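Read the numbers this way: they start at 1 and go in the same order the structure lists the ligands and their atoms. Note that the coordinates shown come from a computational prediction; the quantities given were computed from them, not determined experimentally.
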Amino acid sequence: MNLDKAYALAKEMYAEYGIDTDQVISKVKSIPLSLHCWQIDDVHGFETSAHALSGGIATFGNAGGLPQNKEEYFERLTKAVDLVPGKKKINVHAIYLDAKGETPERDAIEPENFKIWVDYAKQHGVGLDFNPTYFSHPKAASGFTLSSADDKVREFWIEHGKRSRKVGEYFGRELGERCITNHWIPDGYKDKPIDELGPRQRLIEAYNEIFKEQIDPKYNIDAVESKLFGLGSESYVTGSHEFYLNYVNSTRKAIITLDCGHFHPTEVVSAKLSSMLAFNQEVMLHVSRPVRWDSDHVVLRDDETRAVMLAIARNDAFDKIHVGTDWFDASIDRVAATAIGARAVRKCMVEALLEPTAQLKQLEAQGNYTARLALVEELKDLPSGIVFDELCAEEQVPNREWLKDYL
Ligand code: RNT
Ligand code: ZN
């Protein structure tokens, strides 16, 4: 295909709607996309005595290509990163640490255990986000961590949370770019508990303790991720959406993370964002794709992913809604899984930013809902894919030819 010709045409088509495709491309390039590090190896990480994946999340499938060591891991991560256009961050989990001999316990991790990531980030020109790992560990075996009734267990995880924020601060300082440290705990019950309040009261105390030390928000801010249910915590999750909304609003110690797979099937994250923006709240997103349950399928350019990006673009809020990814599919090539989903997110971003929102808002204000609906439908036929191709070409990221490795 002659991209120059195709792009010139696409540019003209969007210009008819008052949209400058060059401007959209440079905007998309600057929006950080935080790629989760854990699709590449099925959430295994680098701990020397690796623990089985727990916490009510699961990977399924047996595709070849599971990295056998750190070198293979980083090689494959880079392959995926190189397939995604635009500014990137890597979202690192605490189990992806440089253990050098004996792995430190989770409550003893130090920033230097994550120097490999700072080196990687500097070398590849990416930013970093961080996540404490409150699962896949014997001290999480009861199903409870920060909301555990066992003081020892709770204290262990509180220390892990505190140390994780220091890793985030270290990332931010080293890279001169703010890190978001996202706290997700698996705590919950399989069956309906009698005491629903107690664990939540303990969780408030635990987070207050974790967030007690002030860290310069230039380097690190924290996020807390809610969940509706997990495998084995179907009836009650301590850190529910209501819990975290209230926690974040009453303390302002953290921002909220909204994972697209963590809500009832007809409840969508795209519809929640304006309510967060109305209260000037930043949000971390885990763009994911739930299929019947919180299945963490590879994200596609589907209606909800488009709607999420539109909800951000329409409010010019890419500086407040931080886009990260979260899925794990072991049934297909792991590098491709990262790339397919991340490219889909970028495509939806491109498409959203190409929308003539001002015109649509005007039609809405005039009460012309007929034209609003008709135009939204017509816009779907415009060649946003060509604008994405041009973005890739400018970023020296392969277009459709990346597929040839897999055909
Ligand atoms: C689990 C949460 C969480 C995890 C990662 C691995 O349901 O979505 O974000 O996917 O921490
Ligand atoms: Zn998530």
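V248 has its side chain out of reach of I255: every pair of non-hydrogen atoms, C-beta onward, lies at least 4.5 Å apart.
Between the side chain of S26 and the backbone N or O of Q23 there is at least one donor-acceptor pair closer than 3.5 Å. H160 places a side-chain N or O within 3.5 Å of a backbone atom of T133 that can act as its donor or acceptor partner. With hydrogens and angles disregarded, a donor-acceptor distance shorter than 3.5 Å links the side chain of E395 to the backbone of G86. Side-chain N or O atoms of R306 include none that pairs as donor or acceptor with a backbone N or O of C348 at under 3.5 Å. In this structure, K88 contributes its side chain and V84 its backbone to a donor-acceptor pair below 3.5 Å.
Its N, O or S atom nearest to the Zn ion (ligand 2) is what matters here, and for E225 that atom is OE2.
At the shortest separation from atom 10 (O) of ligand 1 among protein heavy atoms lies D326 OD2, 2.7 Å.
Listed by number with element, the atoms of ligand 1 under 4.0 angstrom from any heavy atom of H262 are 1 (C), 2 (C), 7 (O), 8 (O). Shown in contact with I57 at under 4.0 Å from a heavy atom are these atoms of ligand 1, numbered in order with element: 1 (C), 7 (O). Taking a cut-off of under 4.0 Å to the non-hydrogen atoms of F328, the atoms of ligand 1 that pass are 10 (O). Below 4.0 Å from some heavy atom of D259 lie the following atoms of ligand 1, by number and element: 8 (O).
Contacts with ligand 1 closer than 4.0 Å are made by side-chain heavy atoms of D294 only, the backbone lying farther away. Under 4.0 angstrom from ligand 1, the non-hydrogen atoms of H286 all belong to its side chain.
Selection from K227, M284, Q39 by nearest heavy atom to atom 7 (O) of ligand 1 gives K227.
Using a 4.0 Å heavy-atom cutoff, H93 is listed among the residues neighbouring ligand 1.
Ionic pairing of D22 and K11 is present here: one or more N-O contacts between side-chain nitrogen and carboxylate oxygen are shorter than 4.0 angstrom. Taking a cutoff of 4.0 Å between a charged side-chain nitrogen and a carboxylate oxygen, K87 and E177 qualify as a salt bridge.
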Exercise. Check the pair K166, E213 against salt bridge (charged side-chain N to carboxylate O under 4.0 Å, His left out), reporting the backbone distance first and the verdict last.
Key: CA-CA 10 Å; K166 300 302 268 183; E213 185 185 331; 2.8 Å; yes
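H286 lies close to the Zn ion (ligand 2), since one of its N, O or S atoms is found at a distance under 2.8 Å.
Ligand 1 has a nitrogen or oxygen under 3.5 angstrom from a nitrogen or oxygen of E225.
Our summary of the site lists the angle at the Zn ion (ligand 2) between OD2 of D326 and OD2 of D259 as 90°, to the nearest 10 degrees.
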